[in-house]
Amino acid sequence: MNLTEKIARDIRVVLQTLEYPEVPIVIEIPPEPKLGDRSCTIALALAKPLKRKPRDIAETIAAALPQLENGYRVEIASPGFLNFFFSDEIYHALLKEALDIGAEYGSSQLGLGEKRLFEYVSANPTGPMNIVSARAAAIGDSLVKLQRKAGFDAYSEFYVNDTGKQVKLLGESVRARAAEVQGGIAEIPEGGYHGDYIIDLATAALAEMGDQVKVISDEELGRWSADKIMATQRTILQEYGVEFDRWYRESELYDAKMPQKTLEKLRSAGHIYEEDGATYFRSSDFGDDEDRVVVTSDGRPTYYLPDIAYHLDKAERGFKKAIDLLGPDHHGHGKRMQAAMRALALGDDFLEIIIVQQVNLMRAGIPVRMSKRAGEIVSMKELLDEVGADAAKQIFLSRRWSSHLDFDIEAAKDRSERSPVFYLQYAHARICSIFCKADGRAYNTDHLNRINTEEERNLLRSLSIFPDVVASAAMQYAPNRVNSYLNELATVFSQFYHHCRVITEDDGLTSARLAMCRAVQIVLKEGLRLLGMSAPEKM
RNA sequence: GCGCCCGUAGCUCAACGGAUAGAGCAUCGGCCUUCUAAGCCGAGGGUUCCGGGUUCGAGCCCCGGCGGGCGUACCA
């Protein structure tokens with residue numbers, strides 16, 4: 001039962017009966033409980049086409065709605081809002097349902113089982129992951145969970161660029177450091193990697209391969225190093241609580257000759273030409289600013305070709321939509337990929353690009369200067385070790401992905417005792433504690449009529465909103481809405497907690513209030529799960 | 001130059017095109033003999049960068065500025 005849909009259905013029927021023009025029906029949550037449990041602005045939207053006053057239209061619609069028999073009453077507020085107030089019976093039924101289905105509460109079939117693939121992080125295996133990766137990981141992971149809850153068949157992938165020029169450079173850098181470890185001088189190549197982790201890799205390579213390090217090719221050494229880095233990335237992400245359904249290696253594409261096949265496909269469609277010895281894709285025919293090289297004049301494919309192949313493969317594996325989370329430094333890439341998708345006739349809405357904006361790392365208000373060249377970066381691992389996964393995720397997931405956010409390490413740590421994530425977890429732990437204190441007294445729904453304070457009613461209202469929040473967060477890729485909602489729920493619960501004693505001599509009232517607590521516990525736990533955060537039972 | 005993103009309270013950020021623009025932090029003042037005070041109650045704090053436009057209604061959409069960030073490779 002979805003209360004919002006119920007109202008939308010009733011309004012739709014009324015609009016048809018009255019033969020009003022078809023306009024989208026939008027149901028909202030009023031800004032405060034006094035204004036009702038749900039509201040609709042349909043009368044405002046109909047004012048123009050009907051050439052009548054919004055208030056008159058609202059009254060006509062209200063009169064035609066099956067209010068009492070469907071468990072609500074309607075008030076009209078200026079300039080023409082239809083405000084819906086649910087009956088106690090409706091709320092009690094909803095509470096019973098939530099208790100009955102538990103963690104399934106809030107799930108829906110909006111996605112109709114559509115197969116979707118989320119690709120995120122996809123950090124190059126040439127160095128430590130940075131803070132933007134941590135942000136993307138938190139968002140991507142939550143999006144997949146949200147979309148699954150909303151009925152999509154959603155999956156996650158981490159694409160690994162384990163071939164190409166950068167990997168060769170990685171190999172050269174490691175070789176240089178290996179020479180240094182053995183007492184020589186490190187001659188790190190132009191554009192190579194300087195970080196200390198290269199020394200660690202060199203040491204590990206020497207330990208594992210001995211003098212073989214000197215004779216294998218740059219590519220082989222680079223590939224070996226990339227594998228090590230990739231394994232580390234996987235471990236760090238696991239500790240962060242983010243697991244991928246698949247790590248898809250660029251080299252797998254080559255093994256399956258997919259870049260070549262993709263090139264031929266584009267060529268036979270007439271989108272490929274040669275110039276100055278290089279092979280170009282005519283991407284400007286499909287919205288790109290200029291044509292792009294897909295094979296260089298010395299015969300190497302650029303990153304672009306296998307990436308097109310990868311996306312073609314996503315479509316061929318049956319995904320109806322591919323959603324890529326990209327860093328701000330790759331936003332130019334989006335246009336190119338869209339151009340390729342069009343050239344391959346995959347449709348304009350197959351690929352959706354989400355640019356996860358940058359993170360300005362601060363420490364006590366002072367920007368932390370990050371220089372990749374000098375290897376002076378705060379890695380994702382260092383960040384997580386310092387502030388903790390839950391606190392970091394909370395910061396990332398309380399903002400829209402499009403916001404350029406300031407992440408203050410000291411603030412994240414200093415406030416850790418009173419941080420927003422603790423507020424949510426505390427509410428959950430507090431409920432667990434109540435059930436401990438209840439000492440075997442169970443909740444039940446036989447005495448819900450004992451629920452009648454303002455705080456209790458606000459709590460029911462908040463609980464009823466959860467399915468709407470999940471749906472909108474999933475459809476609009478907005479995990480931050482779940483975070484906002486959970487904060488609101490925790491606040492309303494705290495108010496309830498302070499005004500309504502749960503465990504009393506009154507068995508009927510106790511059982512009803514325990515039922516409320518259980519429902520809040522279910523939603524808090526499920527909400528935290530959707531955000532990838534833990535829900536401790538004790539704090 | 002061109003392209004993308006951002007500009008909201010002292011700070012960090014919210015706000016499906018809707019009602020009096022909200023939270024947290026910070027500041028100030030109350031509340032622990034009662035289920036977790038990591039909490040609750042209250043106060044102060046705003047020209048939503050500026051100027052036009054669309055709309056019954058704009059922080060949100062469109063145009064033009066200003067400011068900041070990023071991108072503009074035969075790197076990824």
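Chain letters run A, B, ... following the sequence lines, proteins first, then strands; residues in each count from 1.
rA23(B) and rU12(B) make up a base pair, with Watson-Crick or G-U wobble contacts both under 3.5 Å. Base pairing analysis places rU34(B) opposite nothing; no Watson-Crick or G-U wobble pair with both distances below 3.5 Å involves it. A 3.5 Å limit on both hydrogen-bonding distances identifies rG3(B) as the Watson-Crick or G-U partner of rC70(B). Shown here, rG57(B) forms no base pair; nothing in the strands shown gives a Watson-Crick or G-U wobble contact with both key distances under 3.5 Å. For rC28(B), the paired nucleotide is rG42(B), the pair qualifying as Watson-Crick or G-U wobble because both relevant distances are below 3.5 Å.
In the displayed structure, Glu410(A) atom CD is contacted under 6.0 Å by more than 12 heavy atoms of other residues, nucleotides or ligands.
Below the 3.5 angstrom threshold, one finds no donor paired with an acceptor across the side chain of Thr491(A) and the base of rA23(B). Side-chain atoms of Ser402(A) and base atoms of rC6(B) include no donor and acceptor less than 3.5 Å apart.
Across all strands shown, Leu405(A) has heavy atoms under 4.0 Å from sugar-phosphate atoms exclusively, and none from any base. Across all strands shown, Pro328(A) has heavy atoms under 4.0 Å from sugar-phosphate atoms exclusively, and none from any base. Here Glu537(A) lies in heavy-atom contact (under 4.0 Å) with a base.
Atom P of nucleotide rG69(B) and atom NE2 of His331(A) are separated by 15 Å, given to the nearest angstrom. For Tyr423(A) and rG39(B), the OH to C1' distance is 8 Å, given to the nearest whole Å. Between the NE2 atom of His333(A) and the C1' atom of rC5(B) there is a distance of 18 Å, given to the nearest Å. Here rA76(B) presents its P atom at 14 Å from CG of Leu170(A), a figure rounded to the nearest Å.
For rA43(B) and rU48(B), the P atoms lie 23 Å apart once the distance is rounded to whole Å.
Under the 6.0 Å cut-off for aromatic ring centres, Tyr120(A) and Phe158(A) do not qualify, their centroids lying 6.0 Å or more apart.
In this structure, Arg73(A) forms no cation-pi arrangement with Phe84(A), as its terminal cationic atom is not both closer than 6.0 Å to the ring centre and no more than 45° off the ring axis. For the pair Arg292(A) and Tyr304(A), the NZ or CZ position fails the cation-pi test of under 6.0 Å to the six-membered ring centre and within 45 degrees of the ring normal.
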Pick out the pairs of N or O atoms, protein on one side and nucleotides 59-61 of chain B on the other, that lie under 3.5 Å.
none

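Nearest-nucleotide assignment on RNA chain B puts the 5′-proximal partner with Ser403(A), out of Ser403(A) and Ala490(A). Remark on RNA chain B: of its neighbouring residues Ile27(A) and Pro420(A), the 5'-side contact belongs to Ile27(A), judged by nearest-heavy-atom nucleotide.
With sequence neighbours left out, the salt bridge (charged side-chain N to carboxylate O under 4.0 Å, His left out) criterion links Arg461(A) to Asp37(A).
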